[in-house]
Each structure stands twice: as structure tokens, then as C-alpha cells.
Visitor: 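This is the structure, below, for whatever I ask next.
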Amino acid sequence: MIREIAEKDLDGLLRLYMQLHDNPFPEKDDRVLGVWKSILDDKNHHLIVAEENGEIIASCVCVIIPNLTRGQRPYAFIENVITDKDHRKKGYATACLNFAREIAVRENCYKMMLLTGSKEKSTLDFYEQAGYNRNDKTAFIQWL
């Protein structure tokens, strides 16, 4: 099942995120719970999950960003695309990205963007098969 995240899903999401950049499972202190509440309360922040047998096995984030150009149409930014290592190559991440696209279309976005740190051909090919291209823009990052 592909859906937006629910409040009860925090532990499952954090377990999945442990596979993203080798994140440790964080202590659920006031800071973490505050960030969680902020995400849940933000109408422009969509955390999409694939669930199987009650377990979160894939996810992506879709943030809708208001914009004063392009006829004041917003754009969508995709981040934290992850599938559990035991469930990869089964279409879960693609389904999450497609759900994000439906949100972006519903919100009248004029484009969707994502960045990946991966240089793996299979990952880059996956994003291209999902409809993204690496020809139109050049991404720059400044780590803070």
C-alpha cells in the first residue's frame, strides 16, 4: 500500500532511515519529536511510504514549494528516496515517486526535482526510468 505517513509510523520510518546514509536510530527526544510534529503539521510536506504487512519498506519526501515565477505555480522537491535492502527492485520506490507525482500534479506544480548523491549507474538509470532527467539543470550543493 502506498500512502502518506501517519503519526503512528515514526518508528518504522526511523528504522528505514537507518539504511539511508548509515543513520543511527535517534533518541526520540523533544527535538526529534518537534521535527516530527512540524512535518506532520506542514501541508506542503508530504512523506510518502510503501507499507507491506504493517512494515514501512520504502519512502520518499515530496515538498511543495510556493513560487513567484512560472505563473506563481509551485514546484516539488523530492528527497530521501529509500527502499529497505530486502525489498529492492520490486517497484516500491517507483510507486512512492509516482504518488509524489500525483501530489505535484494536484498542487499544480510546473516541475519536480530531485538530487541524488549516488554515482551508481543503476541508481541514475532508475531515476531516469522514473521520468527524471539529468540534462536540464545543474545542481550545486553547499553543505552547512
Side-chain angles (χ1 to χ4, degrees), residues 1-70 73-120 122-134 136-144:
M1 172 193 313
I2 309 300
R3 61 178 175 79
E4 288 206 49
I5 201 143
E7 189 170 355
K8 66 177 176 58
D9 295 323
L10 178 59
D11 285 348
L13 181 68
L14 292 176
R15 273 192 294 280
L16 181 63
Y17 277 0
M18 290 173 66
Q19 297 178 43
L20 189 65
H21 312 297
D22 297 317
N23 272 334
F25 195 90
E27 180 182 336
K28 290 192 302 187
D29 57 17
D30 288 343
R31 187 179 60 82
V32 169
L33 294 175
V35 170
W36 178 238
K37 181 176 179 351
S38 176
I39 289 169
L40 292 174
D41 290 346
D42 185 347
K43 71 177 181 68
N44 288 320
H45 197 131
H46 302 271
L47 220 160
I48 299 153
V49 296
E51 178 185 15
E52 185 178 86
N53 299 323
E55 178 185 2
I56 294 175
I57 57 171
S59 181
C60 73
V61 172
C62 175
V63 179
I64 306 299
I65 302 170
N67 182 34
L68 289 172
T69 67
R70 303 284 181 151
R73 292 177 65 193
Y75 55 94
F77 187 77
I78 305 299
E79 185 62 273
N80 294 339
V81 180
I82 178 77
T83 301
D84 178 83
K85 61 183 172 44
D86 296 329
H87 295 88
R88 292 185 181 155
K89 303 208 184 283
K90 296 179 183 174
Y92 295 113
T94 299
C96 287
L97 290 172
N98 288 341
F99 194 99
R101 186 179 194 288
E102 290 172 13
I103 292 170
V105 167
R106 182 186 74 219
E107 296 296 326
N108 196 32
C109 292
Y110 78 94
K111 71 177 176 183
M112 296 178 72
M113 298 184 299
L114 69 79
L115 299 173
T116 181
S118 177
K119 306 296 185 227
E120 296 287 327
S122 62
T123 301
L124 302 177
D125 289 347
F126 163 74
Y127 287 128
E128 285 187 326
Q129 290 168 3
Y132 296 85
N133 76 72
R134 48 185 145 162
D136 292 347
K137 298 260 184 176
T138 301
F140 290 88
I141 296 174
Q142 183 179 69
W143 297 103
L144 305 175

Visitor: Would you say the side chain of L20 lies within less than 4.5 Å of the side chain of N80, judging by non-hydrogen atoms?
Guide: yes

Visitor: Just wondering, more than 12 heavy atoms not from R101 lying within 6.0 Å of its CZ?
Guide: no

Visitor: Are L124 and T116 packed together at the side-chain level, in the sense that at least one heavy-atom pair is separated by less than 4.5 angstrom?
Guide: yes

Visitor: If you measure from CG on L97 to CD on Q129, what distance do you get to the nearest 0.5 Å?
Guide: 12.0 Å

Visitor: I need the I57 CD1 to D86 CG distance, nearest 0.5 Å.
Guide: 10.0 Å

Visitor: State plainly whether the residues K111 and D136 are in salt-bridge range, i.e. N to O under 4.0 Å.
Guide: no

Visitor: Report the distance from atom CG of L114 to atom SG of C62, rounding to the nearest 0.5 Å.
Guide: 10.5 Å

Visitor: Between F126 and E120, is a side-chain contact (heavy atoms from CB on, under 4.5 Å) present by the stated rule, with each step listed?
Guide: CA-CA 10 Å; F126 163 74; E120 296 287 327; over 6 Å; no

Visitor: Does the side chain of E79 come within less than 4.5 Å of F77's, by heavy atoms?
Guide: yes

Visitor: With a 4.0 Å cut-off, would you call D42 and K37 a salt bridge?
Guide: no

Visitor: For T83 versus A58, what's the shortest heavy-atom pair and its separation?
Guide: OG1-CB, 3.7 Å

Visitor: Using only atom types and a distance under 3.5 Å, with no angle test, would you say the side chain of N44 pairs donor to acceptor with the backbone of V63?
Guide: no

Visitor: Are N67 and R73 side-chain neighbours, meaning at least one heavy-atom pair lies under 4.5 Å?
Guide: no

Visitor: Which distance, rounded to the nearest 0.5 Å, do you find between the OG of S59 and the CD of E4?
Guide: 10.5 Å

Visitor: Using a 3.5 Å distance criterion without hydrogens, assess whether the side chain of S118 forms a donor-acceptor pair with backbone atoms of T123.
Guide: no

Visitor: Would a 4.5 Å heavy-atom cut-off, applied to side chains only, mark Y127 and D125 as touching?
Guide: no

Visitor: In Å and rounded to the nearest 0.5 Å, what is the CZ to CE distance from F99 to M1?
Guide: 10.5 Å

Visitor: For residues I2 and C96, report the shortest heavy-atom separation together with the two atoms involved.
Guide: CG2-CA, 4.2 Å

Visitor: Quick check against the 3.5 Å criterion: does H46 have a side-chain atom that pairs as donor or acceptor with the backbone of K43?
Guide: yes

Visitor: Would you indicate whether the side-chain heavy atoms of R15 and F25 approach each other to under 4.5 Å?
Guide: yes

Visitor: Hey, mind stepping through I78 and Y132 against side-chain contact (heavy atoms from CB on, under 4.5 Å) and telling me if it holds?
Guide: CA-CA 11 Å; I78 305 299; Y132 296 85; 3.6 Å; yes

Visitor: With side chains defined as the heavy atoms from C-beta onward, is the minimum distance between R3 and D9 less than 4.5 Å?
Guide: yes

Visitor: Can you tell if the side chain of P74 reaches within under 4.5 Å of the side chain of I65, non-hydrogen atoms only?
Guide: no

Visitor: Show the numbers, then the answer: is there a side-chain contact (heavy atoms from CB on, under 4.5 Å) between Q19 and I82?
Guide: CA-CA 8 Å; Q19 297 178 43; I82 178 77; 4.1 Å; yes

Visitor: What heavy-atom pair brings A6 and W36 nearest, and what distance separates the two atoms?
Guide: O-CZ2, 3.5 Å

Visitor: Rounded to the nearest 0.5 Å, how far does CG of L10 lie from CD1 of I5?
Guide: 7.5 Å

Visitor: Could you tell me whether a side-chain N or O of D41 sits under 3.5 Å from a main-chain N or O of S38, the two making a donor and an acceptor?
Guide: no

Visitor: Taking R31's backbone N and O only, do any of them form a donor-acceptor pair with D29's side chain (distance below 3.5 Å, no angle check)?
Guide: yes

Visitor: Go through the steps to decide whether I64 and I103 satisfy the test side-chain contact (heavy atoms from CB on, under 4.5 Å), and finish with yes or no.
Guide: CA-CA 9 Å; I64 306 299; I103 292 170; 4.1 Å; yes

